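In what follows, a structure is listed as C-alpha cells, so that the remarks can point back to it.
Values in this document were obtained by computation on a predicted structure and should not be read as measured data. So that the names make sense, note that chain A is the first sequence line, chain B the second, and so on, each numbered from 1.
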Number of protein chains: 4
Amino acid sequence: MSPRVVDRDQRKREIALAALELFAQNGFEATSISEIAQAAGISKGSIYLYFNSKEDLIFHAVAMWVDQMMEQTGSEAPSDLPPPQRLRSLVHAMVEIFVSDERSVRIAAAIFQLFVTNPRMLEHRDLARELFQDARKAIIDILLDGVAQGIFRPGTAQEAEGIAINLLAYLDGIGLHYYMSRSYFDLMDQVDLYLDHLLRNLTDLSRRPGAQI
Amino acid sequence: MSPRVVDRDQRKREIALAALELFAQNGFEATSISEIAQAAGISKGSIYLYFNSKEDLIFHAVAMWVDQMMEQTGSEAPSDLPPPQRLRSLVHAMVEIFVSDERSVRIAAAIFQLFVTNPRMLEHRDLARELFQDARKAIIDILLDGVAQGIFRPGTAQEAEGIAINLLAYLDGIGLHYYMSRSYFDLMDQVDLYLDHLLRNLTDLSRRPGAQI
Amino acid sequence: MSPRVVDRDQRKREIALAALELFAQNGFEATSISEIAQAAGISKGSIYLYFNSKEDLIFHAVAMWVDQMMEQTGSEAPSDLPPPQRLRSLVHAMVEIFVSDERSVRIAAAIFQLFVTNPRMLEHRDLARELFQDARKAIIDILLDGVAQGIFRPGTAQEAEGIAINLLAYLDGIGLHYYMSRSYFDLMDQVDLYLDHLLRNLTDLSRRPGAQI
Amino acid sequence: MSPRVVDRDQRKREIALAALELFAQNGFEATSISEIAQAAGISKGSIYLYFNSKEDLIFHAVAMWVDQMMEQTGSEAPSDLPPPQRLRSLVHAMVEIFVSDERSVRIAAAIFQLFVTNPRMLEHRDLARELFQDARKAIIDILLDGVAQGIFRPGTAQEAEGIAINLLAYLDGIGLHYYMSRSYFDLMDQVDLYLDHLLRNLTDLSRRPGAQI
DNA sequence: CATGAATGAGACTTCATTCAT
DNA sequence: GATGAATGAAGTCTCATTCAT
C-alpha cells in the first residue's frame, strides 16, 4: 500500500536520536538544525521531509527519550528480592542512569524548561503524564507487593500512588541539585537517606495511617 | 558638574526585575535584550550601561531572585510554634510561592537548565550552592531545635543537613512535576505526604539511628 | 540529488571581488558586510555561507588581490630587452598600475594598516612575506641576468635581494606619498630618478663593492 | 578679552595626545571616543566641548603628531659633520624613531589610510604636504651644503628636491614593509644599502648629470 | 564648564525555513 | 526523495553623539 513506511519511521528515529544527543549536550534552543543534520548524516533540507518544524523534531525526540528511559529502568527490577530491597534496587538503577550519563539530567532539565515554559507544549500534557507512568507503576507494584507480603503496613496501599509520585519527583529534584552545584553532597548517600526514611515508615507496622503530625 | 542623578544600583535592579519577569515567561534564551529593554522602558543600548552582557544580566537577575525568595520565605517562619509545626509552616510557605506565582517554577526550571547546560555557569557554582544556603539553614535550625526540645530523636542532629538537602530537592522536583503536567495530582497533598513521612521518622523516639533497611 | 549547482570557489571569488572594490574605496573597517552583500547581489546571511567571518573575507580578498597583482605585473616583462631596460620596463608597469587604478594604492594602504595594526593578522605574516615574493624574484632575476651579461657589476649579485626589497618598499612609499597629497610632484619622474641612481650604481663597473661612504 | 584661551588649547592638546596614543595602538576606526575620554581623564561628553566630531579630533591629533615628528628629527642633525655623514646621521635618526617606537609606523599607516581613503581628508591636502616639508628641507640643506663644499657633484643641486622626496618615501615604504612582515630583513642594513647607493651617486664627481640609462 | 545617562543606528553573526534543481 | 544554496528576520553588542542637570 504505502511503500517503505518502515524506512521512513526508521529514518525519523535516526534523526531524533542524533538530535537527542545534541539536545543533551546543549539544550534545545542552543542546538541548531544544521548541527542535527550533520550529526544525522543528512542534509539540512531533508530534516524537513521528516519533521514539520524544529519544535516537531524536539517533541519527537523527547518522546523517544521517554520510551528509552522506560525500557532501561523497567528491565532493571529483579523480582526475586523482598520488596524493600527491590525498591532500593530500582531506585539505585534509576540514579545510576543519572550518575553514569550526565546527558539524562541535561535532557531532563531541558524537558522541564520546555514543558514549564513553552505554552505550545501544554497541548501535549498527556505526554508529560505518560512520561512517568511506567516508572510510577513499577514503584506501586513493589509497594503493593510488600503490603501483600505483610512487610509494608496496610495503609501503604492507599498511599502508594502518592509515594511513587513523591519518589520520582524527589529523584529528579536531587539529580538537578546535584548537577547544578556539582557534588557538594554525595548523591547516592542522599538517595539512601530518602529511602531509609521511606522504608522505615512503610515497615513500621504499629502505627495508624494518615495521622498528621 | 553633577549630571542627571540616577541611583545606579536601583536602575540595575529595575532592569533585572523587568528581565526576571520575561525570563519567567520565556526562559533565558528565548528572552531577547530588545524585549527586556522595552519592558524596562529603556533603550536597547542602555542595557549595556548597566550590564556587560546578556549573561551578566541573567546572572544578576538570578541572584536577585534568590535574594527575593530568601526574604519571602525567611520572614514567614513563626518561631513560637513547636518544631514540627514550624517545619510544616515553613515548607507550606515555600510551596505557597510555587502555587501563587507560577513564575517561580519557571525561573527555577530556567535556572536548572542554565546551570546544568551552560558550561560557563559552572564558574558560578558557588552561587548555585549559596542559592539554597539560607533555606537549608532555616530547615536545619528547626531540626536542631526539635532535638534540643526532645521532640525529634537525637539521631536527627547528624542527619540534619542531609534531610534539608533532600527536602529542598524534593520541593523543586515536585514543583516541576506539578507544573509540567498541570495538576493530575494535588500539590499540597503530596507535600503533606512527604512531611508526614519525614516527621513520623523524626518523632519516632524509639528507634536506633542509621539502621538501613 | 543534485541541487542548484554553483561553483563554490567561483562564488567566493565574486564576493571577494565585490568586497575588494569596497575595501579599496573605504578601507576594511569602514566597509560593512551589508554593503558587500549588496554589491555582490547577495543576501547578508549568504556571505557567511562562503566566509566564516569578516576577517576571513578580508583575508581572502587580500590574497586574491595579491594574486591579481602578480599576474598583472608578471606578464608585463618583455624578456628580449637588455637588463637595465627590462628593469625599467618592469617598474614602469608596476607604477602604471598605481597610476591607472587608484584602487591599488588604497588597498595597499588598507593592507598596511591591517597588518601593522591588527595583532591577529600577525599570524598571517607568511602571507605578508609572500605578498612581495614574486615581484622580488622578478627583480632579482633581472639583476642576476645583468651580472651574467657583464652589464651590472659583479657585486650586484650579493646585493640583489636587498636591492629588490628596497625597490619594492620605495614603490609603495612613493605611491602612498603621491596619493596622499595628490601630485605636488610627478610620480613617474620620481620613479625614474630612483631608477637612474640605481642603474648608475649597478653599471659602474669600476668601483669596489661594499665600501661604505 | 577671551579668558583662558591658553587653557583651552592646552586641554585640546592633552586630549589629542591621549588620542594619539590610542590611535597608534589600534588605528583610528578601532579607537572609540570612550577610550579616548578615559585615557584623557575626562568625560565622554566633554570631548565634544573641544572637538566637533571624532573626525575633527583625528585631524588635530594627526597635525599634532606631525609637529612632534618635526621637532624630534629636526633637532637631531649635528651640523659639524661632513655632508655625507650628516645625511646618514639624519636618516639614522629617523629610522631610529621607527625602530624604537612602533607607534610611529602604526600612526603612519593609519594616516596613509586616512588620507588615501577618506575623501573628506583631501580638503586638508595642504597638511599632507606640510607633513614632510621640514624633513624635506633638512635633507635638501645637507645636499646643497655638500654641493657647496664640492663633495657632492654639481648636478645634485637641481635633483635635490627629487632626491629628498624619494628618500622620505622610501623610508616610509621600508618601515611599513618591515613592520608588516616583522623582520625577514634587517631594517638598518636595508637603509644603509639605500644610502650607499645614493651617496655613491652623489659623490661620483666624474659623471654627467641627467643621463638616463 | 562638565558630566555621564541615554539613545538609536548600525555592526557582525546565526539560524529556521524555503525552493530550484 | 534529496540536496544545499539562499534568504531575511532576529540576536547580541558597540559607539558617536546629544542633553538634562
Just by modelled atom types, is the C:Ala110 backbone N or O under 3.5 Å from a matching donor or acceptor in the C:Gln113 side chain? no
Establish, with yes or no, whether the OP1 or OP2 oxygen of F:dA6 is under 4.0 angstrom from a side-chain nitrogen or oxygen of C:Arg11. yes
Can you tell me the base-pairing partner of F:dT21? Count Watson-Crick or G-U wobble geometry only, both distances below 3.5 Å, and say none if there is no partner. E:dA2
Any side-chain to backbone donor/acceptor pair from A:Ser46 onto A:Ile42? Under 3.5 Å, distance only. no
Atom-to-atom span, CZ of B:Phe51 to P of F:dT14 - whole angstrom: 15 Å
Protein-nucleotide distance (B:Tyr50, atom OH; F:dT12, atom P), rounded to Å: 19 Å
For D:Ile15 and D:His60, run side chain to side chain contact (heavy atoms under 4.5 Å, CB included): C-alpha distance rounded to whole Å, both residues' side-chain angles, the deciding distance at 0.1 Å, then the answer. CA-CA 10 Å; D:Ile15 297 170; D:His60 278 264; over 6 Å; no
Grab the CD1-C1' distance between B:Ile36 and F:dC13 for me, whole Å please. 13 Å
Quick check: closest heavy atoms across A:Ala39 and A:Leu22, and the distance to 0.1 Å? CB-CD1, 3.9 Å
Taking only the side-chain nitrogens and oxygens of B:Ser43, find out if one of them lies under 4.0 Å from OP1 or OP2 of E:dA6. no
Whole-Å gap separating P (F:dT7) and CD1 (C:Ile47): 10 Å
Identify, between D:Lys44 and A:Lys44, the residue whose nearest nucleotide on DNA chain F lies closer to the 5' end. A:Lys44
Rounded to the Å, how far apart are A:Glu29 CD and E:dA16 P? 9 Å
Does E:dT14 have OP1 or OP2 under 4.0 Å away from a side-chain N or O of C:Tyr48? no
Atom CD of A:Gln38 and atom C1' of E:dC15: how far apart are they, to the nearest Å? 15 Å
Separation of E:dC12 P from C:Ile33 CD1 (nearest whole Å): 5 Å
Please tell me if A:Lys54 has a side-chain N or O lying less than 4.0 Å from either OP1 or OP2 of E:dA16. yes
In whole angstrom, what separates B:Asn52's CG from F:dT12's C1'? 13 Å
Is there a donor-acceptor pair closer than 3.5 Å between any side-chain N or O of B:Lys12 and the backbone N or O of B:Phe51? no
Looking only at side-chain atoms of A:Ile42, point me to the closest of E:dT3, F:dT12, F:dT3. F:dT3
Just call it for B:Ser46: base, sugar-phosphate, or nothing, with non-hydrogen atoms closer than 4.0 Å on any strand. base
I want to confirm an ordering. Mapping D:Ser32 and C:Gly45 to their closest nucleotides on DNA chain F, which one lands closer to the 5' end? C:Gly45
Indicate, with a heavy-atom threshold strictly under 4.0 Å, whether D:Leu49 touches base, sugar-phosphate, or nothing. base
